[in-house]
Amino acid sequence: MQNFTYKNPTEILFGKGMIAELSSRVPTKTPVLLLYGGGSIMRNGVYAQVQTALKQHRVVEFGGIEANPLLETCLKAVALVKKEKVKFILAVGGGSVLDAAKFIAAAAVFKGRDPWSILETHGANVAAALPVGTVLTLPATGSEANGNSVISRAATQEKLHFTSALVFPAFSVLDPTSTFSLPRKFVRNGIVDAFAHTMEQYLTFPAAAPLQDRLAESVLQTLVEVAPVTLGKPRNYEARASFMWSATLALNTLLGCGVPQDWATHMIGHELTAFYGPDHAETLAIVMPGVWKYKLAAKRAKLEQYGRRVWGVKTAEAAIARTEQFFLDIGMPTRLSAYSIDAAEAAEKVGARFAARGDAFGEHGDIDAAAAAAILRLRA
Ligand code: NZQ
Ligand code: ZN
């Protein structure tokens with residue numbers, strides 16, 4: 001097992017009715033920014049619950065955070081935060097709203113000249129941030145309990161992440177009933193994203209970490225078990241609760257303690273969203289089987305373990321095929337052609353970007369420009 005440090009400061013408030021707890025968690029003496037997306041919270045009753053909980057608070061609102069949040073929009077919120085002297089940010093929505101809140105929290109007190117440099121340095125230059133709390137309405141990203149944020153810049157078609165211990169939410173409310181209104185597509189996306197997060201920390205090479213392996217396999221098995229139930233019966237509380245908690249555990253940094261991590265699928269996937277626009281999870285379902293096929297020899301031992309323990313199959317090849325079938329079974333395409341994306345063109349564009357940045361990912365640090373291009377060519 002590798003050395004590691006582990007600290008997760010986020011308080012989780014889980015279950016039906018827990019939005020009411022905001023009244024005691026959000027500071028009352030200073031202005032609070034209530035940040036949200038395109039309006040789903042108005043239609044599903046979450047906004048009304050938040051308003052009731054915050055009736056003693058001084059609330060400033062900023063709506064309109066888009067999926068794959070844009071720098072350009074976030075900077076408007078930063079201006080509002082400064083103007084209104086906001087001291088706390090409450091994000092209410094999916095991963096995009098939560099990620100935007102983290103960026104706004106860091107950018108509002110950023111001393112450098114260009115806040116985009118927070119993304120370019122992947123958070124290395126973040127020295128302070130306003131505190132953030134969240135009400136999560138879409139289980140998927142784990143943003144509710146980690147220090148990651150992914151922001152896009154429309155002007156340059158870039159999508160970059162930053163990580164900072166300073167932007168872990170102080171608390172996150174997870175009420176499964178607030179997700180009942182999710183369209184099927186976003187539930188499917190969330191299942192695949194949580195599955196992929198687990199895999200990025202698990203599907204590498206054996207590292208004498210049997211507990212981490214079994215924790216990861218438990219999350220995978222739970223997702224496989226609840227996926228058809230929660231897709232088929234969106235208002236089944238217990239299935240939705242298990243899905244929601246699985247998605248948090250998939251990326252609250254616990255699974256990655258002391259083990260090698262991959263993340264090549266995510267990095268290639270972010271470029272596909274930046275260039276072509278598919279949802280985050282849609283890109284993962286395309287890329288992940290390609291990464292595994294491309295790295296078959298290096299990943300064979302873990303693929304066999306995964307296949308045996310999660311699917312009851314014997315070979316690495318069968319484990320890959322079974323995973324792809326799982327995605328297809330829940331309605332998630334696994335090929336670039338499903339989005340009319342030309343594989344050769346995507347390989348060239350993403351490869352050129354990896355080359356320009358000198359990027360290389362994967363547990364061996366060898367998924368470079370040429371490897372990323374080769375992986376995409378496998379996914380026509
Ligand atoms: O904007 P509104 O109107 O709220 O609608 C949203 C949005 O259209 C809707 N939605 C959310 N909750 C709902 C709902 N609709 C009905 N009922 C509800 N309860 O869902 C749509 C998608 O929301 P979004 O927040 O974009 O989805 P998701 O949570 O999948 O977040 C995706 C973003 O997170 C980043 C992705 O790259 C992408 O930008 N990620 C963040 C990570 C992190 N912070 O650790 C890790 C991930 O790997 C990922 O990269
Ligand atoms: Zn993801």
Side-chain angles (χ1 to χ4, degrees), residues 68 122 150 152 156-161 189 192-193 195-207 256 259-307 313 315-328 332-380:
N68 306 306
H122 300 303
V150 188
S152 299
T156 51
Q157 280 192 305
E158 284 176 280
K159 182 173 185 182
L160 296 178
H161 73 277
N189 282 1
V192 171
D193 198 19
F195 203 88
H197 294 157
T198 309
M199 285 301 188
E200 299 277 26
Q201 302 163 89
Y202 166 77
L203 213 285
T204 56
F205 54 86
V259 295
Q261 301 192 27
D262 183 337
W263 296 105
T265 293
H266 268 70
M267 295 306 141
I268 298 170
H270 285 176
E271 299 302 337
L272 288 178
T273 299
F275 282 125
Y276 299 103
D279 293 347
H280 171 63
E282 292 175 334
T283 70
L284 305 177
I286 296 167
V287 178
M288 199 162 64
V291 171
W292 294 353
K293 283 181 184 162
Y294 185 77
K295 297 297 295 180
L296 191 59
K299 287 183 180 288
R300 183 173 290 282
K302 284 307 274 286
L303 276 167
E304 286 176 357
Q305 177 181 316
Y306 156 66
V313 299
T315 65
E317 289 80 357
I320 298 173
R322 201 60 200 78
T323 308
E324 215 171 321
Q325 192 56 50
F326 170 59
F327 293 158
L328 294 170
M332 178 65 95
T334 61
R335 294 279 169 177
L336 288 163
S337 55
Y339 305 93
S340 305
I341 298 172
D342 180 67
E345 185 199 273
E348 198 182 313
K349 282 183 154 184
V350 174
R353 192 157 262 181
F354 269 47
R357 293 200 197 116
D359 280 348
F361 302 99
E363 62 273 21
H364 298 291
D366 57 357
I367 306 294
D368 56 8
I375 287 163
L376 286 171
R377 280 195 294 269
L378 293 175
R379 306 307 296 162

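The figures here come from the full heavy-atom set of this structure, side chains too, leaving out hydrogens, waters and symmetry mates. Everything numeric in this text was worked out from a predicted model, so none of it was measured.
- Between G362 and I367, the shortest heavy-atom contact is CA-CG1, 4.1 Å.
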Item to check | Evaluation steps, side-chain contact (heavy atoms from CB on, under 4.5 Å), between L272 and L336 | outcome: CA-CA 10 Å; L272 288 178; L336 288 163; 4.1 Å; yes
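- Nearest heavy atom pair, residue L284 against residue P289, reads O-CD, 4.2 Å.
- Scanning all heavy atoms of the two residues, the minimum distance from G307 to A319 falls at CA-CB, 3.7 Å.
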Item to check | Pair W263-H197, side-chain contact (heavy atoms from CB on, under 4.5 Å): steps then yes or no | outcome: CA-CA 8 Å; W263 296 105; H197 294 157; 4.0 Å; yes
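- Separating the CE atom in M267 from the OG1 atom in T283 is a distance of 10.5 Å, to the nearest 0.5 Å.
- R377 has no carboxylate O lying under 4.0 Å from a charged side-chain N of E348, or vice versa, which leaves the two without a salt bridge.
- One finds no salt bridge joining E158 and R353 here, because no Lys/Arg side-chain nitrogen approaches an Asp/Glu carboxylate oxygen to under 4.0 Å.
- Side-chain atoms of H122 come within 3.5 Å of backbone N or O of H161 as a donor-acceptor pair.
- No side-chain donor from either of E282 and Y276 sits under 3.5 Å from a side-chain acceptor of the other.
- For the atom pair OG1 of T265 and CH2 of W292, the computed distance is 8.0 Å after rounding to the nearest 0.5 Å.
- Counting only distance, with no hydrogens or angles, the side chain of E324 and the backbone of I320 share no donor-acceptor pair below 3.5 Å.
- With rounding to the nearest 0.5 angstrom, the CG atom of L303 is 10.0 Å from the OG1 atom of T204.
- Closest heavy-atom contact between F327 and A285: CD1-CB, 3.9 Å.
- Of the charged side-chain nitrogens involved, at least one lies within less than 4.0 Å of a carboxylate oxygen, so that E271 and R357 count as a salt-bridged pair.
- The nearest pair of heavy atoms linking D193 to H280 is OD1-NE2, 3.0 Å.
- The backbone N or O of Y202 sits less than 3.5 Å from a side-chain atom of K302, completing a donor-acceptor pair.
- Between E317 and K293 the shortest side-chain heavy-atom distance does not fall below 4.5 Å.
- Between I375 atom CD1 and I268 atom CD1 the span is 4.0 Å, to the nearest 0.5 Å.
- Distance check: Y339 OH to I286 CD1 gives 5.0 Å after rounding to the nearest 0.5 Å.
- Aromatic ring pairs are classed by plane angle as parallel below 30°, tilted from 30° to 60° and perpendicular above 60°; the pair Y306 and F195 is perpendicular.
- The closest side-chain heavy-atom distance from F354 to K349 is not below 4.5 Å.
- Side-chain contact between L203 and D262 is absent, with no heavy-atom pair separated by less than 4.5 Å.
- Closest non-hydrogen pair, E200 versus A264, comes out as OE1-N, 3.7 Å.
- Residues H266 and M288 form no side-chain contact, since every pair of their non-hydrogen atoms from C-beta on lies 4.5 Å or further apart.
- The OG1 atom of T273 lies 7.5 Å from the CG atom of D279; values are rounded to the nearest 0.5 Å.
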